[in-house]
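In what follows, chains are A, B, ... by sequence order, proteins preceding strands, each numbered from 1.
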Amino acid sequence: MNEIPKAYEPQSVEDKWYAFWLEHGCFTADPARVTEQRPAYSIVIPPPNVTGVLHMGHVLNNTIQDILARKARMDGKEVLWLPGTDHAGIATESMVAKQLSKEEKKSKRDIGREEFLKRVWTWKEKHGGIIIAQLKKLGCSCDWTRERFTMDPEYVRNVQRVFVDLYKKGLIYRGKRMVNWCPATQTALSDEEVEMKPQKGFMYHFKVEVAESPLTPALSPAAGERENRRPSLGKTGGVENAVSPTSLSPLPLGGGEGQGEGEARLAGPLADSEGRIWLTIATTRPETIPGDTAVAVNPKDPRYAHLIGKHIVRPLPSELPREQKLIPIIGDEHVDFEFGTGVLKVTPAHDKADFDIGQRHKLPVVDIMNPNGTMNPLAGRPLDGLDRFKARKVAVELLREQGALVEEKPYENNIGFSQRADVPIEPRLSEQWFLKYPAVEPSKACVEQSDDPEGRVTRVPKLAGGSQGLAELGLPRNKIMRFHPHRWAKVYDHWLTNIQDWCISRQLWWGHRIPVWYFPLSNKKAFTLGNVIDETNVARVNGKHCYTTSLSGLPGHETNFDITMSLAGGWDQRILFAATESKKEASILEGNGFTQDPDVLDTWFSSWLWPFATMGWPEPTETLKKFYPTTDLVTAPEIIFFWVARMIMAGYEYMGELPFRNVYFTGIVRDKQGRKMSKSLGNSPDPLELIAKYGADAIRFGTMRSAPLGQDVMFDEKDVELGRNFCNKLWNACRFRQMQSSAGVSPAPGSEQEESRRDACPTFEVQGEINPSLLTSDDKWILLKLNDAIREISDALATYNFSTAAQALYRFFWNEYCDWYVEASKAVLFSGSRGDEAQTDESETSPSLPTSAATEARKANTVAVIDFVLSHTLRLFHPFLPFITEELWHGMGYSTDMPEQQGGRTIMNAPWPKPFDQEFRDAYSLDECYLGFANDKYEVVTQGRNLRRVGNIPAGKKVKFVLQPSRPILPHDAEVIRILLNAEAIEINESFAARQGTPTAHTPLGELFLPLEGLIDVTAEKARLTKKMEEYQAELTKVAQKLANPNFTQKVPPQVLQEHQQRLADWQEKLVSVKAALEALDS
RNA sequence: GGGCGCUUAGCUCAGUUGGUUAGAGCGACUCGUUUACACCGAGUAGGUCGCAGGUUCGAAUCCUGCAGCGCCCA
């Protein structure tokens, strides 16, 4: 560390140490090293998308994981931080598809499945390493020898194994249902991938004729009520025509009366002059009218009940003859008669609720759309081929032309959007694979629901079969998982309580292809498949859920020889399904005319296995034995359902145990204005640029300092700047220490550099290095402050309060160590190097000055204290600032005397500082009273600086202060005050007679004067003192009033009472002092 | 509609079980290049703790209601 640069230059340091760590295998976990004394600690990384790039969310998330991992290493644990990437089905596939269309103007179908997948792999090879390299830049201490990818061959096998297993258990099934269909990516999505967003649109009211009208003469329109026009809609003047030429009148039924003005006109059947009855229907999706197969009313609705069983004439498609457009009016209790007009159009093919109504009433399902969101021929001639949104406009026009459109008004409602493609999803009837979640009960029970950190009160899960609690579930206390912040536990519990089956198939190519093969049963060949499946077996399949057998029959050939078959039927044809994870059996199937399901699995169906599938499962590997369950999981709350909940279920189902003990949910990183970081807003800074500009440590520290537990993070580049400044401060504080050593402040004459370092390096046998008898009050103060900091930071980290820890580090180091201690230490370090004039004045009242040899010993002792503090501080900082601390650890020589594996090679393995034990405190007389004394001393300094201000004396100008002590002051302490005040001298004078008008301050150590030669601005000083006096008076009054209240004095605890009495005395004293000063000015 | 969170200095946030003058960083302003650091030091200003009630000797803190913002679920 010769010729240390004045400013810290991270660029020259970071790569060097990262390479060093890798070279020495510092991140590599070895299960063989795990013992009782060296417990395991593990985290699995939330695998970033393989082709993704680092964003601020990753920085936040991975910095936290790295802090946890590095802290655990320093605690002497065997640490596994297992990294990897996710194949990210839709994201990656659409990225490659986009590129294909851009560069070659081709769709994936143009080049075919095989070729397309080849392109994706190429893309993956090219971009897949980027984010990993970026994590390394950030300093992440992952065990890269264990990097995994969700499409690694073993991982693929695991996914298939799990699929087949769940299939055999009857938990995976194929079903034709309403799913969330994304017309952009043309695949089904799970409920979790749908995001509800408010959407501005229109509510259209249109009228339909009741086919059986006129019903009865009684329903003819009442006389004189013909003028019942809708209000004109201005530019959509066509509406006016819509109700002409036949004006409608409300029928004299009770229903519509409670409605609002506008709705009243629309609700209830209307009759025209010819006695025909019309119903008005409200909809936001008129383009789906051709798919309507009924209209529904609530059977309890008096306005419409009598119409149930009749028919209406569906207005679209226009070209169809009336008799082909008659659809029934049905009664269904689920119709909300408050909503719209109380008449609901039922489109079973294009709405989830309508589909359910359709099922109840056995309505036909008319699908009028293509998978890409365009209309098909069933929608009618003008709509056919149009995009659904274009079709909506056209449909409105058609209604208008027919005179059926009654009203059109702006309307906002919540629409489901495809999270990935950001287009409205289309509810669509489709055949997909579904999973009924396994292990739901233990997954629910294992998460601590009480807010008590001790876990004393745990929710007793309600289980079927009379189970009473965790014991019945095999969940002892240590099998409980905690969420941080705790409130997410409730969200998790709620989701699990209302859990719906998971649609796991995706109509994509990139991903885990579903390990199921089909065979249409009309083909007799299947019955003799491999001499194993014959007609007898198929007969057994028929009517049962499944039948299991081995096709290949070769022992040990594959890990699983089972084949599960089931008979599906009822919709299109009867199909034989065969699920197998065995390649051998798959090829037999294919050789016999079976074809594999073209779909792939939802990406999360592979990531939910991540904690164990990355550790060698299903083999009982050493890694699994030692590192599963993992200790902590750090992730974003956005994926609590996608990932966290599912991992817990998979953990129970396949490992019989929870996958992690703690889950830490980070906040969302937002910009200064509180907006979410997003590509389209362009408000997301590139972390790599920030690292290049400020250093990785800076971005880590800045992010951590401003990321409170469970709150969103408002990101501001200023935070990174602060991190950079902090590193620089640390750097320079160490530089200062080095300068003392090189300036010859070593203990004994003739000592070598190395020796002085060793002397100074206090890490282990500290007692021998620092001479307790030479400790100053400042030394003891900083040691006690260090002790507080150790405790505070350790506690904060143990409770995942990273910002608290970072702020404590900042405060301790910058405020307490640099601003006070280092400055105070100069009193010792610089003594003798410049005249001791300051102390000559006080020689009468103070003990005699130390001899020169004694001075040297004291300097050495101060350096020893500095080394002690710095070597501890570097370790406290290391999880946050890995690079600079490693650089300084070596540069300062603190590594030299440490055992190889405990800090000698790298600070990574240096032991985490522990709060001082009693023995240590006794040895160094670290009594809390020194905190008080040093604080008083620093208060004198603050007051003195204040006086300078009053005298308008520049901070740089040397002046003389006088202290009239209220207690004995040692020469050292006087010198500290002098240095900190940047004073020419400080005179300790018990009988100082201040000249009239001398600025004075009342301090805990006595009256402090700043004698000036008549330069003082009397008016300003008066103002200052008056302000102070008023302040003291106000406080005094407040306390006095409290103490005068018998209610207070009688009820309050004695300790509080005493405190208040003390306070009263203090204020009184101050007040007297300030009053005296004011009087002195006046006279 | 249900649930959760937030509201304290110009900004971002601390404030533990109620108990001194409600703290910090940034920003602003003033002064200063004093031999670690201008990526610095010293100092100053700035808050009726969202609003209204209540409990209490005492409320930023506990309770109730209201308002605003945000998120999740339906």
Side-chain angles (χ1 to χ4, degrees), chain A residues 4 6-8 191-192 195-196 414 485 487-488 490-491 493-495 497-498 637-638 640-641 667-668 670 672-674 676 694-695 698 702 705-708 710-716 718-719 721-740 743 795 799 801 803-804 806-808 810-811 814-815 818-819 822-823 826 829-830 833-834 941-942 944-950 952-958 979-983 1031-1032 1034-1036 1038-1039 1041-1053 1055-1057 1059-1060 1062-1064 1066-1067:
Chain A
I4 321 156
K6 240 180 152 180
Y8 173 56
D191 294 340
E192 287 71 33
E195 210 177 308
M196 299 307 282
N414 278 329
R487 65 188 139 86
W488 292 108
K490 212 182 268 183
V491 177
D493 192 65
H494 183 256
W495 184 76
T497 306
N498 301 291
E638 299 159 308
I640 183 170
F641 308 136
I668 297 166
R670 299 173 178 279
K672 263 191 283 188
Q673 287 115 55
K676 231 166 146 172
Y694 299 103
R705 202 180 150 284
S706 59
Q711 301 272 57
D712 288 355
V713 188
M714 301 294 172
F715 179 81
D716 187 339
K718 284 265 177 232
D719 293 328
E721 206 176 303
L722 178 131
R724 189 260 323 254
N725 295 352
F726 188 60
C727 290
N728 193 54
K729 189 76 179 174
L730 179 60
W731 182 259
N732 275 291
C734 289
R735 235 179 108 226
F736 174 76
R737 153 67 185 88
Q738 291 305 73
M739 287 169 144
Q740 303 322 308
D795 287 353
T799 51
N801 284 291
S803 72
T804 307
Q807 286 177 44
Y810 188 97
R811 189 213 62 232
W814 201 308
N815 256 233
C818 291
D819 289 349
V822 171
E823 294 308 316
K826 289 175 183 175
L829 295 172
F830 292 170
S833 61
R834 42 171 297 140
V941 172
T942 304
R945 286 167 175 168
N946 232 312
L947 290 181
R948 262 181 184 278
R949 182 91 195 139
V950 174
N952 211 4
I953 299 161
K957 187 168 179 212
K958 303 276 187 215
I979 294 246
L980 289 174
L981 279 175
N982 192 31
E1031 201 182 302
Y1032 295 164
E1035 291 305 328
L1036 184 65
K1038 233 196 273 183
V1039 185
Q1041 269 172 358
K1042 269 191 175 183
L1043 286 168
N1045 181 354
N1047 250 333
F1048 177 79
T1049 46
Q1050 282 161 21
K1051 289 187 181 174
V1052 95
Q1055 202 192 337
V1056 176
L1057 185 63
E1059 251 179 85
H1060 277 75
Q1062 180 63 46
R1063 225 191 294 168
L1064 184 74
D1066 289 348
W1067 288 124

- Message: In whole Å, I'd like the distance from the NZ atom of A:Lys1038 to the P atom of B:rG19.
- Response: 14 Å
- Would you say A:Arg945 reaches B:rG43's phosphate, i.e. side-chain N/O to OP1/OP2 under 4.0 Å? yes
- Message: Please determine whether any donor N or O and acceptor N or O are separated by less than 3.5 Å between the side chain of A:Arg487 and the base of B:rC4.
- Response: no
- Task: Between B:rA22 and B:rG50, how far apart are the P atoms? Round to whole Å, please.
- Result: 15 Å
- Which pair of non-hydrogen atoms, one from A:Val941 and one from A:Leu981, has the smallest distance, and what is that distance? O-CD2, 3.3 Å
- Output field dot_bracket for RNA chain B (Watson-Crick or G-U, both distances under 3.5 Å, | for other-strand pairs) contains (((((((..((((.....[...)))).(((((.......))))).....(((((..]....)))))))))))).
- Nearest-neighbour nucleotide for the A:Asp819 side chain, B:rU21, B:rG41, B:rU44 considered: B:rG41
- Query: Tell me: CD of A:Gln1050 to P of B:rG58, nearest whole Å?
  - Reply: 14 Å
- Message: If we ignore hydrogens and angles and just use 3.5 Å, is the side chain of A:Asn728 paired with the main-chain N or O of A:Arg724 as donor and acceptor?
- Response: no
- Message: Categorize A:Lys826 for me: base, sugar-phosphate, or nothing, with a 4.0 angstrom heavy-atom threshold over every strand shown.
- Response: base
- Item | Donor/acceptor link under 3.5 angstrom from A:Lys490 side chain onto base of B:rC4 | no
- Query: Roughly how many Å is it from CZ in A:Phe726 to P in B:rA24, rounded to a whole number?
  - Reply: 17 Å
- Query: Between A:Lys729 and B:rG41, does any side-chain N or O lie under 4.0 Å from OP1 or OP2?
  - Reply: yes
- Gap between atoms OH and C1', on A:Tyr810 and B:rU12 respectively (whole Å): 14 Å
- If you pin A:Glu1031 and A:Ala7 to their nearest nucleotides in RNA chain B, which one's is more 5'? A:Glu1031
- Message: Could you report the tightest heavy-atom contact between A:Arg705 and A:Ala806, atom names first, then the distance?
- Response: CA-CB, 3.8 Å
- Query: At their closest point, which heavy atom of A:Cys818 faces which heavy atom of A:Ala733, and how far apart are they?
  - Reply: SG-CB, 4.2 Å
- Query: Among B:rC39, B:rU21, B:rA36, which is the nearest nucleotide to the side chain of A:Phe736?
  - Reply: B:rA36
- Message: Rounded to whole Å, how long is the line connecting atom CG of A:Asn728 with atom P of B:rC39?
- Response: 8 Å
- Item | Which nucleotide in B:rC37, B:rG19, B:rU44 has an atom nearest any side-chain atom of A:Val1056 | B:rG19
- With sugar-phosphate taken as primed atoms, P, OP1 and OP2 and all else as base, the protein-contact string of nucleotides 69-74 of chain B at under 4.0 Å (heavy atoms; B, S, -) is ----SB
- Query: If you look at every heavy atom in A:Leu1043 and A:Leu1057, which pair is closest and at what distance?
  - Reply: CD2-CD1, 3.7 Å
- How far does the P atom of B:rG23 sit from the matching atom of B:rA60, given to the nearest Å? 13 Å
- Item | Whether A:Asn498 side chain and A:His494 backbone form a donor-acceptor pair below 3.5 Å | yes
- Message: Reading RNA chain B from 5' onward, which residue's closest nucleotide shows up sooner: A:Arg724 or A:Ala733?
- Response: A:Ala733
- Look at all strands and tell whether A:Cys727 reaches a base, only sugar-phosphate, or nothing, counting heavy atoms closer than 4.0 Å. nothing
- Note on the structure: Here the pair of heavy atoms bringing A:Val1039 nearest to A:His1060 is CG1-O, 3.4 Å
- Query: Can you tell me if the side-chain N/O atoms of A:Trp814 get under 4.0 Å from OP1 or OP2 in B:rG41?
  - Reply: yes
- Expressed as a whole number of Å, how far does the P atom of B:rC51 sit from that of B:rG68? 15 Å
- Using the P atom in both, what is the distance from B:rC6 to B:rA74, to the nearest Å? 23 Å
- Is a side-chain donor-acceptor pair under 3.5 Å present for A:Glu721 with A:Asn725? no
- Item | Atom-to-atom span, CZ of A:Arg1063 to C1' of B:rG58 - whole angstrom | 11 Å
- Query: When you compare B:rU44 with B:rG54, how far apart are their C1' atoms, in angstrom units rounded to a whole number?
  - Reply: 40 Å
- Item | Among B:rU21, B:rG43, B:rC37, the one nearest A:Trp1067 by side-chain distance | B:rU21
- Over all heavy atoms of both residues, which pair between A:Thr799 and A:Asp795 is shortest? Give the atoms and the distance, please. OG1-O, 2.9 Å
- Task: Tell me what A:Pro637 touches on the nucleic acid: a base, only sugar-phosphate, or nothing, going by heavy atoms under 4.0 Å.
- Result: nothing
- Tell me what A:Lys718 touches on the nucleic acid: a base, only sugar-phosphate, or nothing, going by heavy atoms under 4.0 Å. sugar-phosphate
- Query: Between B:rC39 and B:rG58, how far is it from one C1' atom to the other, in whole Å?
  - Reply: 46 Å
- To the nearest angstrom, the CZ-P distance between A:Arg737 and B:rC37 comes to 17 Å
- Task: Assess whether one donor atom and one acceptor atom, taken from the side chain of A:Glu823 and the base of B:rA42, lie less than 3.5 Å apart.
- Result: no
- Message: Between B:rU56 and B:rU16, how far apart are the two P atoms, rounded to whole Å?
- Response: 23 Å
- Nearest of B:rG25, B:rA36, B:rC39 to any side-chain atom of A:Asn815? B:rG25
- Query: Rounding to the closest angstrom, what is the interatomic distance between B:rG47 and B:rG10 at atom C1'?
  - Reply: 11 Å
- Side-chain (A:Arg735) to main-chain (A:Ala7) donor-acceptor, under 3.5 angstrom: no
- Task: Mind telling me whether A:Trp731 and A:Tyr8 have parallel, tilted or perpendicular rings, with 30° and 60° as the class edges?
- Result: tilted
- Can you say whether the rings of A:Phe736 and A:Phe830 are parallel (under 30°), tilted (30 to 60°) or perpendicular (over 60°)? perpendicular
- Could you check how far CZ of A:Arg705 sits from C1' of B:rC26, rounded to whole Å? 8 Å
